[in-house]
Amino acid sequence: MPDFSPFIPAHIRKLAEGSQSKPLKQSQRSNKPIALNLNENPFGPSPLALQEMQKVLIETHRYPEIHATSLTGTIAEFHGVQPDRILVTAGATELLCIVARVLLGPGLNAITSERSFIVYKLATQVTEGKLVEIPTRDNGYDLGAIAGAIDENTRIIFISNPNNPTGTLLTAAEMDWFIERLPEHVLLVLDEAYGDYATDFARQRGVEYSHAFDYIRADRNVILLKTFSKTHGLAGLRIGYGIGPARLISAFAQVRSVFSLSSLALAGAIAALRDENHIGQAVANNSEQSELLTSKLSELGVSVLRTWANFVFCELNEDAAAFADRLLSRGVLVQPLRMWGAPNAVRISIGTPEQNARLIEAIRGLVRGAAKP
Ligand SMILES: *Cc1c(COP(=O)(O)O)cnc(C)c1O
């Protein structure tokens, strides 16, 4: 076959040449390790979603609703916002890619923090725009430095609140401060994928978490990201949404892949949105287990950041990739963070009480093994 590569845009060619990324380690059906690496719901999918999906299986020869009208209406009612401010996408990930594709181009930039959600980088890379990563402050976003880095070519700020992978929180007051400093040519992508967990922690700890819906109602340049991948337990379905100004939402809608939302995902999400029992179970378990896990890990000499999400960021005294490999040989999968510039850190998702006990047991085994002469 003739070499077609000269006709591939240079910025994409460069990505393909530089790509040596190993496939993501994921739990397989056979010989399944305990998967504490991707912040999934440890209790499985919403049972209400499963029931609804069973019903529509028989209809899968039909194309799905092209504009996701039913789910959009359900979400609009749930949050009390107008449907024209909502865009449903194949996970929050698809929306991040759309936002980057629409708003970035040669000479333009997006800003985020170091040690934040890896998809911000992936979404920006395929545009010709640049991603500026501001160093962390107290392991989280340095809003002052981010505000200071905005220039006339900035179009997007990506903020994950709480942040993945450090689990840190920005309070509502801190975000209010930041919003006031946003120039008109910049869109804030406010990613609250872990919002259900953070809301619960904030209530317990007496902190005000988020004014995101105030920003939406005031029609600020903010798009709020939500997902069904976390508390709803539907990561494999690929469904999420954004809420923002109608004029932007309608532009983003033009770029969404046609029929990217399957009929199963649409039906499952409608049911899962109001599955309070399932969401509540995940949240309650998480609040309880995060404390237990944090104290047990600390006893084992692992230093753990206080989390506002369903995972803990842990600093080790050793290379985290090697640690993760040894842990996997003991049946537990965790996420080493070298790609995030933290070679001695791992992110561990908070599991069920049984899973967490097995994690602690496995780490204890490693520590004992290392102590042997
Ligand atoms: C898990 C996660 C999401 C969800 O992404 P989906 O594509 O909806 O699965 C979004 N943002 C952050 C920061 C996350 O960790």
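Order of listing sets the numbers, starting from 1, for every ligand and every atom in it.
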### Gap separating the CD atom of Glu114 from the OH atom of Tyr141, nearest 0.5 angstrom
11.5 Å
### Query
What part of Tyr194, side chain, backbone, both or neither, has a heavy atom within less than 4.0 angstrom of ligand 1?
side chain
### Test applied, side chain to side chain contact (heavy atoms under 4.5 Å, CB included); reference residue, Ile111; option that passes from Ile134, Val186, Ile156
Ile134
### Query
How far does OG of Ser298 sit from NZ of Lys296, to the nearest 0.5 angstrom?
11.5 Å
#### Entry: Per-atom contacts of ligand 1 with Ser229, taking only distances under 4.0 Å to non-hydrogen atoms
6 (P), 8 (O), 9 (O)
### Query
Out of curiosity, Arg220 CZ to His211 NE2, how far, rounded to the nearest 0.5 Å?
13.0 Å
## Note on the structure
To atom 2 (C) of ligand 1, the nearest of Glu40, Lys230, Glu192 on a heavy-atom basis is Lys230
### Summary
Output for pair (Ile75 CD1, Tyr241 OH), nearest 0.5 Å, gives 5.0 Å
### Message
Tell me whether Asn39 has any N or O atom under 3.5 angstrom from an N or O of ligand 1.
### Response
no
### Message
I need the atoms of ligand 1 closer than 4.0 Å to a non-hydrogen atom of Ser160, numbered in the order shown.
### Response
13 (C)
### Summary
Looking only at protein heavy atoms, what sits closest to atom 11 (N) of ligand 1 is Asp191 OD2, 2.6 Å
### Query
Is the shortest N/O to N/O distance between Ala92 and ligand 1 below 3.5 Å?
yes
#### Entry: Element-labelled atoms of ligand 1 that are located less than 4.0 Å from some non-hydrogen atom of Asn164
13 (C), 14 (C), 15 (O)
### Query
Would you call Glu361-Arg358 a salt bridge at under 4.0 Å N-O?
no
### Query
Just which atoms of ligand 1 are under 4.0 Å from any heavy atom in Ala193?
2 (C), 3 (C), 10 (C), 11 (N), 12 (C), 14 (C)
### Task
Measure from the ring center of His278 to the ring center of Phe43 and say whether it is less than 6.0 Å.
no
### Message
Heavy-atom pairs closer than 4.0 Å: do any link ligand 1 to the side chain of Arg238, the backbone, both, or neither?
### Response
side chain
